[in-house]
> 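Here it is, the structure, as structure tokens.
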Amino acid sequence: MKRPLSAANASTKLSTRRGFLLKSMAVGAALPISALAPTQAAHAIGESFPDWMKTPGQAVNEYGSVARYEKHITRVKAQDTAQTQLFSVWHSPIQNQPSIITPNGLHFTVSHNGVPNIDPEQHFLKIHGLVDKPIKIDMNTLQRYPMVSPIHFLECAGNSASNAVSLSALDLSVQALTGQVSGAQYTGVPLKYLLKEAGVKTAGKWVIAEGADGGSHARSIPLSKLLDDAFIALYQNGERLRPEQGYPMRLLIPGWEGNANVKWLHRLEVTDKPAYTKDESGLYSDILASGKIKRFSFHMDVKSVITQPSGKMQLPAQKGFYEISGLAWSGYGKIKQVEVSIDEGKNWSIATLHGPVLSKSLTRFSIPWQWDGKERVILSRATDELGHVQPTRRQWREQYASYSFNHFNAIQAWAVNSQGTVENYYV
Ligand SMILES: Nc1nc2c(c(=O)[nH]1)N[C@H]1C(S)=C(S)[C@@H](COP(=O)(O)O)O[C@H]1N2
Ligand SMILES: [Mo]
């Protein structure tokens, strides 16, 4: 990452992309060794050959795994939640994710009653209630329906909760603070096909979705959303859902809070009103500043976070070139713009969005930065295609009771001190 930088060049401003490209081209042109074959090049620079160039490699396994040098990149358990084997919350290492897709083994996960071990041969999906013809579908039959394959983010409503309620900014990594979000390409059956087959009666307005885990996790979803873009996911990133993600099937409700995306789905009951289940009237509801409770807050709001550099990181040099990069998403649609500030929000520059920029999906952004070695507070602010803009932490907290923690989407600030240490910071 480090690039040569003369003192005269040092600037507190974000450097222009063009300037950066010109500089890196000049560096490349000065390396004639790139023109030589690898073995000749090793001789030319006086290096001996490492073992792997002199011995045969290993055999391939049936199912691949990450390189042994990358095994330290893992999910971590949430630090701010009382956890048991049953209620468990694990965060994705988003600081190591330079992409809109999270590898399946690193997807964040929240389970309220452990991970059930479901035999797909014995698993059915029932659709009943206010329908003309109740249906019961087994996995083999479900596989024969037409499927869609969109890319979406999934985020727990409680993501970043400690930034919402902790009065001082906790010195934690972006993974610990905001790792309850992941991105994946799902493949599954649109719910409109199944609901049409069952024939929803005119009185039907809501659907109660229930999981087959021991606690029967259940949520009420407006019928209109299920007929719009919701689907039953069977695959995630090209393989069958992992047990933690709801194998053999889960509800996928694009852009809506994680909790409504019922895993291990086994029952959809069409009703005329919501059921007010435990999860929609307790833990996952928002308490307003007035003390009133919002009944439903399904959408995940527009949000972004700089993942490089981010909390607990140490910049490798005292000053010089860095690329600031991160992820943005909105439960309402596409990300339109991400702005980055390196002076605590006084000035903002527009970051590059790296495509594909998809609706209700993670979107990667980046911007080059010439760090002058002085203390800096860096922030990112996302805007979605409907014009929603990330609020400041103060603006966010004004809406809610001081102890309300769900749906926190305020601007995340990182303080970079003159030693290059990066820390969580409130603006
Ligand atoms: N059946 C069932 N579905 C569930 C849950 C659960 O405990 N049981 N947890 C919910 C919560 S709180 C979230 S944030 C998402 C997490 O999905 P993931 O584990 O695939 O990331 O699943 C939701 N669906
Ligand atoms: Mo959640």
Side-chain angles (χ1 to χ4, degrees), residues 75-78 80-81 83-94 97 101-118 123 125 152-162 164 175 178-186 188 207-221 230-237 239-268 275 277-286 296-300 303 329 331 362 405-409:
R75 289 195 274 240
V76 295
K77 242 183 188 182
D80 54 357
T81 326
Q83 298 204 42
T84 62
Q85 195 194 330
L86 296 183
F87 180 67
S88 73
V89 182
W90 291 78
H91 291 205
S92 282
I94 54 173
Q97 185 183 318
I101 301 293
T102 307
N104 286 337
L106 297 176
H107 198 279
F108 89 95
T109 184
V110 181
S111 297
H112 294 244
N113 304 285
V115 176
N117 180 12
I118 297 177
H123 190 78
L125 172 67
H152 289 301
F153 77 85
L154 187 70
E155 183 183 19
C156 178
N159 196 20
S160 321
S162 61
Q175 178 170 13
T178 298
Q180 287 177 52
V181 64
S182 296
Q185 182 180 34
Y186 296 96
V207 174
I208 298 154
E210 190 182 81
D213 42 342
S216 297
H217 181 92
R219 288 293 310 253
S220 313
I221 317 289
F231 58 100
I232 293 181
L234 303 177
Y235 298 84
Q236 181 176 314
N237 295 331
E239 63 181 9
R240 292 300 301 270
L241 291 177
R242 297 275 172 107
E244 299 93 314
Q245 265 63 58
Y247 181 86
M249 63 164 105
R250 85 175 303 164
L251 201 51
L252 212 291
I253 312 185
W256 284 19
E257 60 182 10
N259 193 267
N261 293 259
V262 175
K263 302 190 279 191
W264 313 295
L265 182 71
H266 83 127
R267 190 168 80 85
L268 293 169
T277 66
K278 165 182 76 68
D279 279 300
E280 60 205 21
S281 39
L283 188 59
Y284 289 92
S285 50
D286 302 344
F296 291 100
S297 38
F298 291 119
H299 284 91
M300 292 313 293
K303 189 160 167 178
W329 61 96
L362 297 182
F405 57 84
N406 284 310
H407 294 271
F408 184 80
N409 71 322

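Every number for a ligand or one of its atoms is a count from 1 in the order of the listing.
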> Tell me which protein heavy atom sits closest to atom 15 (C) of ligand 1, plus the residue, atom name and distance to 0.1 Å.
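Its nearest protein heavy-atom neighbour is Gly258 O, 3.4 Å.
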> In Å, rounded to the nearest 0.5 Å, how long is the span from CD of Gln245 to NE2 of His107?
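Result: 5.0 Å between the selected atoms.
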> Under 4.0 Å from any heavy atom of Ser111, which atoms of ligand 1 are there?
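Under 4.0 Å from Ser111, ligand 1 has these atoms: 7 (O).
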> For atom 19 (O) of ligand 1, what's the nearest protein heavy-atom neighbour? Residue, atom name and distance, please.
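Minimum-distance protein heavy atom for atom 19 (O) of ligand 1 reads Lys263 NZ, 2.6 Å.
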> Which word best sums up how the rings of Phe87 and His112 line up, parallel for under 30°, tilted for 30 to 60°, or perpendicular for over 60°?
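Rings of Phe87 and His112: perpendicular, as their planes differ by over 60°.
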> For atom 9 (N) of ligand 1, which protein heavy atom lies nearest, and how many Å away is it?
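Among all protein heavy atoms, the one nearest atom 9 (N) of ligand 1 is Val110 O, 3.2 Å.
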> Can you confirm, on distance only, whether ligand 1 has an N/O atom lying under 3.5 Å from any N/O atom belonging to Glu155?
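Min N/O separation from ligand 1 is not below 3.5 Å for Glu155.
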> Students should be able to answer this: which protein heavy-atom is nearest to atom 7 (O) of ligand 1, and at what distance?
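Of every protein heavy atom, His112 N, 2.8 Å lies nearest to atom 7 (O) of ligand 1.
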> I need the atoms of ligand 1 closer than 4.0 Å to a non-hydrogen atom of Asn261, numbered in the order shown.
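In order of numbering, the contacting atoms are 22 (O), 23 (C), 24 (N).
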> Just checking, any donor-acceptor pair under 3.5 angstrom between side chains of Ser297 and Glu257?
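Not at all, the side chains of Ser297 and Glu257 share no donor-acceptor pair under 3.5 Å.
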> Between CD of Gln236 and CG of Asn104, what distance do you get to the nearest 0.5 Å?
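So the gap between those two atoms works out to 4.5 Å.
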> Should you measure from each heavy atom of Gln245, which atoms of ligand 1 turn up under 4.0 Å away?
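Per the distance check, 18 (P), 19 (O), 20 (O), 21 (O).
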> Quick one: look up the protein heavy atom nearest atom 11 (C) of ligand 1 and list residue, atom name and how far away it is.
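Of the protein heavy atoms, Asn259 CA, 3.6 Å lies nearest.
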> For atom 22 (O) of ligand 1, find the nearest protein heavy atom and state the residue, atom name and distance (0.1 Å precision).
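Nearest protein contact, heavy atoms only, for atom 22 (O) of ligand 1 is Arg250 NH2, 3.4 Å.
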> Considering only non-hydrogen protein atoms, determine which one is nearest to atom 21 (O) of ligand 1 and report residue, atom name and distance to 0.1 Å.
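Checked against all protein heavy atoms, atom 21 (O) of ligand 1 sits closest to Phe108 O, 2.7 Å.
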> By number and element, which atoms of ligand 1 are closer than 4.0 Å to a non-hydrogen atom of Glu244?
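Listed by number with element, the hits are 19 (O).
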> Is the backbone of Asn159 close enough, under 3.5 Å, to the side chain of His91 for a donor and an acceptor to pair up by distance?
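Not confirmed, His91 side chain does not pair with Asn159 backbone.
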> Taking only heavy atoms of Cys156 into account, list the atoms of ligand 1 that are under 4.0 Å away from them.
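Answer for ligand 1: 14 (S).
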> Could you walk me through whether Phe153 and Thr102 pass the side-chain contact (heavy atoms from CB on, under 4.5 Å) test, one step at a time?
CA-CA 9 Å; Phe153 77 85; Thr102 307; over 6 Å; no
> With no hydrogens and no angle check, just 3.5 Å: does a side-chain donor-acceptor pair link Ser182 and Ser92?
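Side-chain D/A pair, Ser182 to Ser92: present.
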> With rounding to the nearest 0.5 Å, note down the distance linking CD1 in Ile118 to CG in Leu265.
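Answer for the CD1-CG pair, Ile118 versus Leu265, is 9.5 Å.
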> Would you check whether Trp264 has a nitrogen or oxygen atom less than 3.5 angstrom from a nitrogen or oxygen atom of ligand 1?
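Checking ligand 1 against Trp264, no N or O pair falls under 3.5 Å apart.
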> Find all atoms of ligand 1 within a distance of less than 4.0 Å from any non-hydrogen atom belonging to Tyr284, and give their numbers and elements.
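Taking each heavy atom of Tyr284 in turn, ligand 1 has 12 (S) under 4.0 Å.
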> Report the C-alpha separation of Ile221 and Leu268 in whole Å, then their side-chain angles, then the decisive distance to 0.1 Å, and conclude whether the side-chain contact (heavy atoms from CB on, under 4.5 Å) test is met.
CA-CA 10 Å; Ile221 317 289; Leu268 293 169; over 6 Å; no
> With distance as the sole test, does Asn261 use its side chain to make a donor-acceptor pair with the main-chain N or O of Arg250 at under 3.5 Å?
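Judged by distance alone, no pair lies under 3.5 Å.
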> If hydrogens are left out, which of His217, Glu210, Arg242, Glu257 has an atom nearest to atom 4 (C) of ligand 1, that is, the closest non-hydrogen atom?
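Considering heavy atoms of His217, Glu210, Arg242, Glu257, the nearest to atom 4 (C) of ligand 1 sits in His217.
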> What is the nearest protein non-hydrogen atom to atom 8 (N) of ligand 1, stated with its residue, atom name and distance?
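Checked against all protein heavy atoms, atom 8 (N) of ligand 1 sits closest to Asp213 OD2, 2.7 Å.
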> Among side-chain atoms of Lys303 and Thr178, is any donor-acceptor pair under 3.5 angstrom?
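The criterion, which ignores hydrogens and geometry beyond distance, is not satisfied for Thr178 and Lys303.
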